[in-house]
Number of protein chains: 2
Amino acid sequence: MHDKTEQPDEAGAMKRGRKRDASLDARLLDATLDVLAEVGAAGLTMDLVAARAGVGKATIYRRWTAKSELIIDAVAQMKRNQVDLEHLPDTGTLRGDLLGLFKPQSNEERERRLKIMTALASLLSQDPALAGAANGAVVEPWAAAHRALMERAVARGEISAAADIATLSQVIPSMAAYRSLVQRKSFDFTFLVSMVDGVILPALGIEPSPDHESSSPRRAARRTRPRTEPARRKS
Amino acid sequence: MHDKTEQPDEAGAMKRGRKRDASLDARLLDATLDVLAEVGAAGLTMDLVAARAGVGKATIYRRWTAKSELIIDAVAQMKRNQVDLEHLPDTGTLRGDLLGLFKPQSNEERERRLKIMTALASLLSQDPALAGAANGAVVEPWAAAHRALMERAVARGEISAAADIATLSQVIPSMAAYRSLVQRKSFDFTFLVSMVDGVILPALGIEPSPDHESSSPRRAARRTRPRTEPARRKS
DNA sequence: AAGTTCCGAAACTCTGCGGTATCGTTTTCC
DNA sequence: GGAAAACGATACCGCAGAGTTTCGGAACTT
């Protein structure tokens with residue numbers, strides 16, 4: 001009661017939704033996701049969420065009955081601003097398309113999503129209803145984008161129709177997620193290029209175009225494998 | 001950091017190791033992993049671990065200073081009975097080697113590891129040490145095995161020395177971990193085969209040997225890509 | 001046998017968090 | 001302007017769980 005942080009009362013005009021519940025719900029859900037990303041599911045406390053939202057703890061309980069419900073709603077709301085499947089890059093080559101999906105400015109947001117997903121992983125065992133929520137919110141749309149790009153490359157004859165696109169389209173999104181989540185390495189452009197040029201394109205039988213922005217001295221495996229019998233059992 | 005591991009006597013004095021502390025540490029670490037797998041990280045309490053190990057809680061605190069350290073040590077210890085880098089399969093072909101890493105009889109153990117990893121996922125955001133331990137205990141040795149197998153394949157001339165082995169060796173372990181951790185799908189032989197035949201071998205320029213145990217109707221992309229210019233840049 | 005060391009069990013303290021209640025203030029509605 | 005509603009803050013309750021301490025007893029040592 002002694003010192004209280006003044007209400008910021010940002011210059012925003014639509015801050016005045018006092019009556020029903022206007023953007024306050026969204027503010028709370030967003031704060032929940034923030035806290036989730038920062039301290040994980042185990043470390044999430046209602047006081048943290050309330051403080052993060054600049055809100056009294058009671059306010060949260062006026063809108064949600066329990067912590068678990070708050071989290072569920074927060075995650076459900078996360079599905080917005082996804083990869084935009086309607087406006088995929090179209091550079092003419094699969095390599096260009098795949099690299100074109102990379103939005104440097106979205107690194108931060110992607111990191112946040114992945115952290116939320118990690119935090120949720122522990123809850124999945126308790127609440128199977130959310131089993132695919134985290135994956136569906138982050139990796140699946142991403143894989144769908146890759147799949148679409150690859151199918152287009154098949155359609156234009158760039159790669160063989162026999163390629164295992166179902167599997168290949170999951171490789172980069174899954175590895176990126178694991179890399180960020182567990183290995184704690186950033187998913188940067190260098191990693192993306194080494195995945196595209198070192199795994200995906202070679203697997204599809206395409207040599208990485210040696211033109212612009214090769215950005216890396218690596219070259220994929222040559223297709224020139226001699227058809228020699230590969231040294232059977234040493235003994 | 002806590003055990004000194006004097007002499008590697010194992011089945012020796014399992015009866016009454018009253019003096020120093022021989023197998024008691026291992027018993028506690030094992031109980032920790034058990035509880036972790038059963039109730040998850042959030043539900044793990046020291047009382048549960050103690051009860052599981054048939055031990056007083058005080059005994060645990062005589063050996064570890066805090067719960068977090070116990071968990072870290074338990075996870076780090078999981079590295080054992082993992083992939084044995086000294087006895088890698090040697091079937092003569094990379095495909096056989098990669099598939100040979102799969103131990104069907106370890107389904108139960110793999111399930112346990114999966115649950116442990118899942119339980120750990122929630123802690124990863126809080127404790128970076130755990131993230132390293134989890135990755136180092138499960139994925140890293142596995143990737144090392146893949147790397148070794150691929151390097152051997154290079155040495156015998158089965159695949160090109162230009163292959164991006166550093167990246168490719170991480171693909172299957174990372175994807176398997178992600179699949180188990182987040183997607184909650186089992187890492188079964190079918191998935192392994194589709195990864196090997198649909199991603200790894202095509203990326204290395206090897207056609208999956210159509211001989212024994214194809215076990216799956218899928219076939220990887222043909223290497224018969226016509227050397228047609230693949231529709232470069234649309235303009 | 002006596003002494004020492006480590007053990008398992010259980011009682012105990014203390015901290016932190018979920019959830020509730022209260023209060024003074026601010027906003028909206030009429 | 002005044003009442004009602006919703007707010008932020010904060011004090012409070014109950015409980016669960018991390019560590020601590022204590023104690024009787026078992027096992028190794030000499």
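Order of the sequence lines sets the chain letters (A, B, ...), proteins ahead of strands, with each chain counted from 1.
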Would you tabulate the nitrogen or oxygen pairs shorter than 3.5 Å linking the protein to nucleotides 17-19 of chain C?
from: C:dG18; atom 1: OP1; to: A:L44; atom 2: O; distance (Å): 3.2
from: C:dG18; atom 1: OP1; to: A:K67; atom 2: NZ; distance (Å): 2.9
from: C:dG18; atom 1: OP2; to: A:M46; atom 2: N; distance (Å): 3.0
from: C:dG19; atom 1: OP2; to: A:Y61; atom 2: OH; distance (Å): 3.1
from: C:dG19; atom 1: OP2; to: A:K67; atom 2: N; distance (Å): 3.1
from: C:dG19; atom 1: N7; to: A:K57; atom 2: NZ; distance (Å): 3.0
from: C:dG19; atom 1: O6; to: A:K57; atom 2: NZ; distance (Å): 2.7

Got a sec, which residues hit side-chain contact (heavy atoms from CB on, under 4.5 Å) with B:R27, two or more places apart in sequence or on another chain?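 For B:R27, the residues satisfying side-chain contact (heavy atoms from CB on, under 4.5 Å) (neighbours in sequence not counted) are B:L24, B:V55.
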Name all residues meeting the side-chain hydrogen bond (donor to acceptor under 3.5 Å, both in side chains) criterion together with [X]; count only those two or more places apart in sequence or in a different chain, and write none if there are none.
| X | value |
| --- | --- |
| B:E140 | B:N135 |
| B:R52 | B:D34, B:E38 |
| B:S169 | none |

Under the side chain to side chain contact (heavy atoms under 4.5 Å, CB included) criterion, do A:D164 and B:D197 qualify, and how do the steps go? CA-CA 9 Å; A:D164 189 354; B:D197 290 346; over 6 Å; no
Under 4.0 angstrom between [X] side-chain N/O and [N] OP1 or OP2:
| X | N | value |
| --- | --- | --- |
| B:R27 | C:dC7 | no |
| B:T59 | C:dC7 | no |
| B:R63 | C:dC7 | yes |

Suppose we screen for ring pair (Phe, Tyr, Trp, His ring centres under 6.0 Å). Which residues come up paired with A:Y61, at least two apart in sequence or across chains?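 Expected list: none.
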Take atom [atom1] of [X] and atom [atom2] of [N], then tell me their distance rounded to the nearest Å.
| X | N | atom1 | atom2 | answer |
| --- | --- | --- | --- | --- |
| A:R62 | C:dA21 | CZ | C1' | 11 Å |
| B:E69 | D:dG19 | CD | C1' | 14 Å |
| B:L70 | D:dG17 | CG | C1' | 15 Å |
| B:I60 | C:dC6 | CD1 | C1' | 15 Å |

Side chain of A:A58, heavy atoms from C-beta onward: which of D:dA9, D:dA6, D:dG8 has the nearest atom to it?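 Among D:dA9, D:dA6, D:dG8, the one nearest the side chain of A:A58 is D:dA9.
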